[in-house]
Amino acid sequence: MTVSVAKQAAAERAVEYITDGMIVGLGSGSTSELAIEAIARRVREGLQIKAVASSKKSEALAREGGIPIIPFSQVESIDLNIDGADEVDAFFHLIKGGGGAHLREKVLAYNSRRFVVIVDDSKLVDQLGKFPLPVEIVPFAYELTVKNLAGLGCRPVIRKDKDDNYLTDNGNWIADCHFSVIANPEKLEQSLKQIPGVVETGLFSAMADFIVVGYGDGTVKEIVVKPE
Ligand code: 5RP
């Protein structure tokens, strides 16, 4: 209950930063969905924006709420991208991908002028790694990819969706990599990206510009990671 209050508070505060004329990036996951609902309310009140979405689910929710979705061919850069996270460390590196959308989420974040992260306070950690790191991999020869991932010091587990392997919006699989502690996210990211078969990792190092943390009493803390 308090977590949902915290998520709502963070989502609503971030949405206040959206102004007329912006191209807005829509994240994925429960906190992002609260933001999408808040944006839809503002659109119904007259806010003039266009948006792109990081998952099929978020796009459907946005369209349902009346948020105009445009194709990426019409996007030079995203003005403000709002998305959740699974962990935020003391240096504001993130783990994302709990919802399996981190590849598309990273494309949006990379192409945004401002990447705003919305989390409840339970997501704040000293060091990343307690949350298993989602790594999107191609199904081809996955046994070898998983072996190579394990060679980096983790226990990779292929994500399941009932009896089948979980399928991302891109038709790939997710290996949830149990590291316990990630001492150097930037170095790990480089090592993971060198493994053939790895499409994208849920490590978002030094990407967040602004973080809104929501608390169970409905208050928020805003952290400027990179000034505008
Ligand atoms: C989805 C994500 C989400 O942003 C992350 O999992 C946080 O989700 P939630 O807001 O439901 O806690 O990265 O791929």
Side-chain angles (χ1 to χ4, degrees), residues 1-15 24-39 51-62 78 80-89 92-112 114-125 128-137 157-161 165-179 182 185 189 192 198-205 207-216 220:
M1 185 63 191
T2 51
V3 172
S4 57
V5 170
K7 287 183 177 191
Q8 185 86 40
E12 287 191 2
R13 176 62 60 86
V15 167
V24 177
L26 306 174
S28 300
S30 60
T31 319
S32 294
E33 285 171 13
L34 294 170
I36 293 169
E37 283 166 11
I39 295 168
V52 285
S54 59
S55 63
K56 291 177 184 170
K57 193 170 176 210
S58 290
E59 178 170 339
L61 188 65
I78 297 162
L80 195 79
N81 182 51
I82 300 177
D83 201 352
D86 300 297
E87 282 186 345
V88 180
D89 78 5
F92 312 117
H93 301 309
L94 318 173
I95 284 184
K96 287 186 48 53
H102 57 276
L103 165 56
R104 293 184 181 203
E105 291 171 336
K106 202 180 262 190
V107 172
L108 265 63
Y110 187 85
N111 288 288
S112 298
R114 264 341 246 163
F115 174 28
V116 180
V117 179
I118 48 175
V119 286
D120 65 84
D121 62 327
S122 72
K123 306 289 184 63
L124 302 179
V125 297
L128 300 180
K130 195 165 171 211
F131 190 92
L133 176 68
V135 176
E136 182 158 341
I137 62 171
V157 178
I158 299 292
R159 192 179 295 185
K160 291 283 182 190
D161 183 4
N165 288 343
Y166 176 86
L167 211 55
T168 70
D169 280 356
N170 317 299
N172 294 316
W173 293 353
I174 303 264
D176 287 309
C177 296
H178 296 246
F179 278 98
I182 296 174
E189 171 77 349
L192 288 165
V198 166
V199 184
E200 192 51 86
T201 86
L203 278 173
F204 285 49
S205 298
M207 290 187 85
D209 295 310
F210 187 65
I211 299 178
V212 185
V213 184
Y215 294 86
V220 298

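Atoms within a ligand are numbered from 1 in the order they appear, just like the ligands themselves.
Of all heavy-atom pairs spanning Val213 and Asp120, the tightest one is CG1-C, 4.3 Å.
No option in Ile82, Asn81, Asp83 other than Asn81 meets the side-chain contact (heavy atoms from CB on, under 4.5 Å) test with Ser112. Considering Lys106, Lys96, Arg104 as possible partners of Glu200, the one that fulfils the salt bridge (Lys or Arg N to Asp or Glu O under 4.0 Å) test is Lys106.
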query = Between Ser205 and Glu189, is a side-chain hydrogen bond (donor to acceptor under 3.5 Å, both in side chains) present by the stated rule, with each step listed?
reply = CA-CA 8 Å; Ser205 298; Glu189 171 77 349; 5.9 Å; no
task = Decide yes or no on side-chain contact (heavy atoms from CB on, under 4.5 Å) for Leu128 and Leu203, but give the supporting numbers first.
result = CA-CA 9 Å; Leu128 300 180; Leu203 278 173; 3.8 Å; yes
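In this view, Ser28 and Ser54, Ser55, Ser58 satisfy the side chain to side chain donor-acceptor pair (under 3.5 Å) rule, not counting sequence neighbours.
Residue-level contacts of ligand 1 at the 4.0 Å heavy-atom threshold are Lys7, Ser28, Gly29, Ser30, Thr31, Asp83, Gly84, Ala85, Asp86, Lys96, Gly97, Gly98, Gly99, Gly100, Ala101, His102, Glu105, Lys123.
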